[in-house]
Amino acid sequence: MTNKFPHLRQDFTASLVVFLVALPLCVGVAVASGVPAELGLVTGIVGGIVTGLMRGSSLQVSGPAAGLTVLVFEAVQQFGLPALGVIVLVSGVLQMTMGALRLGRWFRAISVSVVEGMLAGIGLVLIAGQLYPVLAAEAPDSGPGKIAGLPGALVYALGDTDAPASLALGAGTIAVLVLWKLAPAAIRAVPGPLAAVGLATLAAMALGLPVATVEVQGLLGSIQPPPLSAFGELAGLGVLGTIVAFTLIASAESLFSAAAVDRLHDGPRTEYDKELVAQGAGNTICGLLGALPMTAVIVRSAANVQAGARTKASRVLHGVWLLLFAALLPDVLGYLPIPALAGILVYSGAKLVPVRALAKLWGESRGEALILVVTAVSIVAVSMFEGVLIGLALAIGKTAWEASHVRLEFVDKGVGPVEAYLAGNATFLRLPKILDSLEALPTDRPVRLDLSGVHHLDHACRTALESWAERHSSSGTEPVRLTTAR
């Protein structure tokens, strides 16, 4: 056995660690997404067993992610749970198609500022939304509404009889997660999320606290493949937009996670196109089962590497442990306090907001920092899909502006013609500045315009320069002389 599976011991130990990390997160993400808790376990099982067996990234672990919680919740509220299966199914097929077309590597070209802004916006909405279960209150639907309603929810909770218990459990869970890294090494062998939820569960049971707990439906009762009628939703633009958002965000998050995981170990590097196919296969099956979408999750992946995993066996085994738990111990879910699960997601949301990275980025490139902030604010103010599109548009616009760098210099000896030298990439983006400078030249002096240093001259600039030369020449001076590159 040891000869055939030389790393079985390390992978077995790592799989238990990842299982203990994944269990509370799978349940918490499902509850926050507005779907049965068991569906989070289904996605974790598929991510471990199906995606885990496929080629791509050997140590990356997939499952339901906090980063998609907001989008899933919006989709369920707007289109219903049956349509969620269709959305996830089609997104998976699109991911497999993109992987087959070798488009996986192109996701690495997406602006890091847009991705970090996307995660920051998700984190802010996640924090605001999950603070309501901590306060035993009902969350508003919109992002701005969630943020604006927090002071009122806090005041109401402090005056309510049951809410303080919920607040204490949620705050205690967050405190355990924050302080867990300070615990002795022997205690830290237990993953922080599991310890936090376990302590909260014991406290709620021992003290008889009046807090909401997870509703248990049973694994088979929760799996509801989308009916054929749900595929009719594909005719709506709203569903199609959500599918695009799911596909892009899940793919980008998975491949960025893969790049981060590759930096944590010295094993085989990620094959991005194959990893995209693996993620798509997992999402296709999740869609057929009516479960949550999956992405690669950096928290579980990092735990896998740090626990000593050497091969993909560790992530496959973690899926097996999730399956055994869901099949044999489903009633345990009914004891988990919702405020504790919400506390885990508040903590996860806070980690998505790159405060340090933003401060560093502000010092290095304020344009990139602005893209990050605008993307995040747009997601909070409007929606996930529109916010990401706004961020991408800003990133493309910034790149186009920087690519159109142009320099215009004048040499005026007081007599004779004014010599103008234009160099760089002359595009319509810089045209107003170019024309303002040329039109400020004296109309009674001849001009020689040297374009030999221009690398690219677009049609708008060429037409505008010719028109300016014609106008300047019509004032009675010597015609403008244009010199172009040979």
May I have the step-by-step check of side chain to side chain donor-acceptor pair (under 3.5 Å) for N283 and S91, ending in yes or no? CA-CA 7 Å; N283 273 318; S91 297; over 6 Å; no
Run the side-chain contact (heavy atoms from CB on, under 4.5 Å) check on V17 and L20 step by step: do they pass? CA-CA 5 Å; V17 173; L20 295 175; 6.0 Å; no
Quick one, Q279 with S251, criterion side chain to side chain donor-acceptor pair (under 3.5 Å). Give me CA distance, side-chain angles, the key distance, then yes/no. CA-CA 8 Å; Q279 294 293 326; S251 301; over 6 Å; no
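When the shell of 6.0 Å around CZ of R188 is examined, it contains more than 12 heavy atoms from other residues, nucleotides or ligands. Sparse packing is recorded around CG of L228, with 12 or fewer heavy atoms of other residues, nucleotides or ligands lying under 6.0 Å away. No more than 12 heavy atoms of other residues, nucleotides or ligands lie within 6.0 Å of CG in L237, so this atom counts as exposed by the packing criterion.
From I390, atom CD1 reaches atom CD1 of I379 across 9.0 Å, with rounding to the nearest 0.5 Å. Taking OH of Y335 as the start and OG1 of T213 as the end, the distance is 9.5 Å to the nearest 0.5 Å. The CG atom of L94 sits 7.0 Å away from the CD1 atom of I243 when rounded to the nearest 0.5 Å. Here the CG atom belonging to L126 is positioned 9.5 Å from the CG atom belonging to L131, to the nearest 0.5 angstrom.
When L333, I223, V214, L81 are each tested for a side-chain contact (heavy atoms from CB on, under 4.5 Å) with P36, only one passes: L81. With respect to N304, the side-chain contact (heavy atoms from CB on, under 4.5 Å) criterion is satisfied by exactly one of V18, V21, V261, V297: V18. Checking each of V374, V373, T375 against V377 for a side-chain contact (heavy atoms from CB on, under 4.5 Å) leaves exactly one that passes, namely V373.
At distances below 3.5 Å, at least one donor-acceptor pair connects side-chain atoms of S254 with backbone N or O atoms of A296. Formation of a donor-acceptor pair under 3.5 Å by the S314 side chain with backbone atoms of R310 is not found in this model. Distance alone, capped at 3.5 Å, is enough to place a donor-acceptor pair between the Y132 side chain and the L150 backbone. Between the side chain of Q60 and the backbone N or O of A258 there is at least one donor-acceptor pair closer than 3.5 Å.
Taking each heavy atom of V134 and S166 in turn, the nearest pair found is O-OG, 2.8 Å. Of all non-hydrogen atoms in A157 and A163, the two that sit nearest each other are O-CB, 3.4 Å. Summarising the geometry of A120 relative to A376, their closest heavy-atom pair is CB-CB, 4.0 Å, with the distance given to 0.1 Å.
Between E275 and R55 there is no salt bridge, since none of the side-chain N atoms of the basic residue sits less than 4.0 Å from a carboxylate O of the acidic one.
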